[in-house]
Amino acid sequence: MSNTPIELKGSSFTLSVVHLHDSRPEVIQQALEEKIAQAPAFLKHAPVVLNVASLEGAVNWQQIQHAVISTGLHVVGISGCKNESLKAAITDAGLPLLNEGKEKVVRETTPVISVQDTVPLVAPYAQTRFIDTPIRSGQRIYAQNSDLIVASHVSAGAELIADGNIHIYGMMRGRALAGASGNTDTHIFCTHLHAELVSIAGEYRLSDEIPADYYGKAIRLNLNNGALSFQPLY
């Protein structure tokens, strides 16, 4: 047991990033409520980072923070701010500024208003993570710096996250997020696609947005010109 009451250690977390393109609190609140309603199991009470790179002019940060919190989300930081006066206003509102620097360190999975933000430091790929047992509802499997292979079924409410590719050789009813560290060259391979959500490098589709021709089929999913592309696996 350590003799000190606390320890400070570096770590990384999976966070959603809300890109704000409108500074009106009521507009932000409505947009967030609509997104949360689409994927409540994934977004409800989630910690989020607010990216403000698109905002200009005077902004009431306290009202924006209240609008976000009222939806059940929790603001853990502000990113993308380059304007010194905006930075001062954010700090005065008691909100933490995240300095992304040259190498960004916040991992983004599912976006809320728009897509593609920060990525972690690049690390060597580890050995592929392989799982041959069913993934139950509520389980979260993360393959850090590697591919993930699941040779069984994935239940609704379960979540697969990999910095590399994801392979599911069974019924896929949960959520699959490949390229979680921002790698846009990753793929998702699935023999029976019934997913609640699929995502590559932050670009995502909910179940009702998956093309009907591919739902329930064997598919290969990748990014094509920044957009998710579905193709037959066989």
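- To the nearest 0.5 Å, the span separating CD1 on I78 from CG on L20 amounts to 7.5 Å.
- Using a 4.5 Å cut-off on side-chain heavy atoms (C-beta onward), Y142 and L148 make no contact.
- F189 and Y234 fall within the same hydrophobic cluster, where Ile, Leu, Val, Met, Phe, Trp and Tyr residues are linked whenever their side-chain heavy atoms come under 4.5 Å apart, directly or through other members.
- Side chains of L221 and R205 form no contact here, defined as non-hydrogen atoms less than 4.5 Å apart.
- Here the CZ atom belonging to R129 is positioned 8.0 Å from the OG atom belonging to S146, to the nearest 0.5 angstrom.
- Using a 4.5 Å heavy-atom threshold, the side chains of Q139 and S155 count as separate.
- Here F130 sits in one hydrophobic cluster together with I149, Y169; the rule is ILVMFWY side chains under 4.5 Å apart, joined directly or through other members.
- Around NE2 of H74, the count of heavy atoms belonging to other residues, nucleotides or ligands within 6.0 Å exceeds 12.
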Can you give the donor-acceptor pairs under 3.5 Å from side chains of residues 83-90 to other protein atoms, not counting sequence neighbours?
{"unit_1": "N83", "atom_1": "OD1", "unit_2": "S85", "atom_2": "N", "d": "2.8"}
{"unit_1": "N83", "atom_1": "OD1", "unit_2": "S85", "atom_2": "OG", "d": "2.3"}
{"unit_1": "N83", "atom_1": "OD1", "unit_2": "L86", "atom_2": "N", "d": "3.0"}

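- Residue I161 holds its CD1 atom at 11.5 Å from OG of S181, rounded to the nearest 0.5 Å.
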Before you tell me yes or no, could you show the steps for E26 and Q30 under side chain to side chain donor-acceptor pair (under 3.5 Å), namely the whole-Å CA-CA distance, both residues' side-chain angles and the distance that decides it to 0.1 Å? CA-CA 6 Å; E26 66 277 9; Q30 181 178 352; over 6 Å; no

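- Looking at E196, its side chain does come within 3.5 Å of a backbone N or O of G157 through a donor-acceptor pair.
- Ring geometry for Y215 against H194 counts as perpendicular: the plane angle is over 60°, on a 0 to 90° scale with 30° as the lower cut.
- Apart from M171 itself, the hydrophobic cluster it occupies contains nothing, where clustering links Ile, Leu, Val, Met, Phe, Trp and Tyr at side-chain heavy-atom distances under 4.5 Å.
- A pairwise comparison of heavy atoms in D147 and N165 identifies OD1-N, 2.7 Å as the closest pair.
- Using a distance-only test at 3.5 Å, with no hydrogens or angles considered, no donor-acceptor pair links the side chain of N183 to the main chain of G164.
- H153 NE2: 12 or fewer foreign heavy atoms inside a 6.0 Å radius.
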### Message
Run V18 and V68 through side chain to side chain contact (heavy atoms under 4.5 Å, CB included) and show every step you take.
### Response
CA-CA 10 Å; V18 181; V68 176; 5.9 Å; no

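- Across L55 and H21, no two heavy atoms sit closer than the pair CD2-C, 4.0 Å.
- With values rounded to the nearest 0.5 angstrom, R220 atom CZ is found 14.5 Å from L193 atom CG.
- Each of D132, T133, I135 was checked for a side-chain contact (heavy atoms from CB on, under 4.5 Å) with V150, and the lone residue meeting it is I135.
- With rounding to the nearest 0.5 angstrom, the OG atom of S229 is 9.5 Å from the CD1 atom of I219.
- Between I188 and A178, the shortest heavy-atom contact is CG1-CB, 3.7 Å.
- In terms of heavy atoms, G170 sits closest to C190 at O-SG, 4.5 Å.
- W61 is listed as a side-chain neighbour of V52, based on a closest heavy-atom distance under 4.5 Å.
- Exactly one of I141, V154, L177 qualifies for a side-chain contact (heavy atoms from CB on, under 4.5 Å) with E159. That residue is L177.
- Under the 4.5 Å side-chain heavy-atom criterion for ILVMFWY residues, a single connected hydrophobic cluster contains both L228 and I210.
- Rounding to the nearest 0.5 Å gives a distance of 10.5 Å between CZ of R175 and CG of L206.
- A distance-only check finds a donor-acceptor pair linking the side chain of D163 to the backbone of N145 [under 3.5 Å].
- Placement of I64 and L95 within a single hydrophobic cluster is found when ILVMFWY residues are connected by side-chain heavy-atom separations under 4.5 Å, directly or transitively.
- Across T71 and E33, no two heavy atoms sit closer than the pair CG2-CG, 3.8 Å.
- Side chains of Q231 and N222 form a contact here, defined as non-hydrogen atoms less than 4.5 Å apart.
- Listed here is the closest heavy atom pair of A201 and T184: CB-CG2, 3.9 Å.
- For the pair V198 and F230, the minimum side-chain heavy-atom distance is below 4.5 Å.
- With contacts defined as side-chain heavy-atom distances shorter than 4.5 Å, the pair T191/I168 does not qualify.
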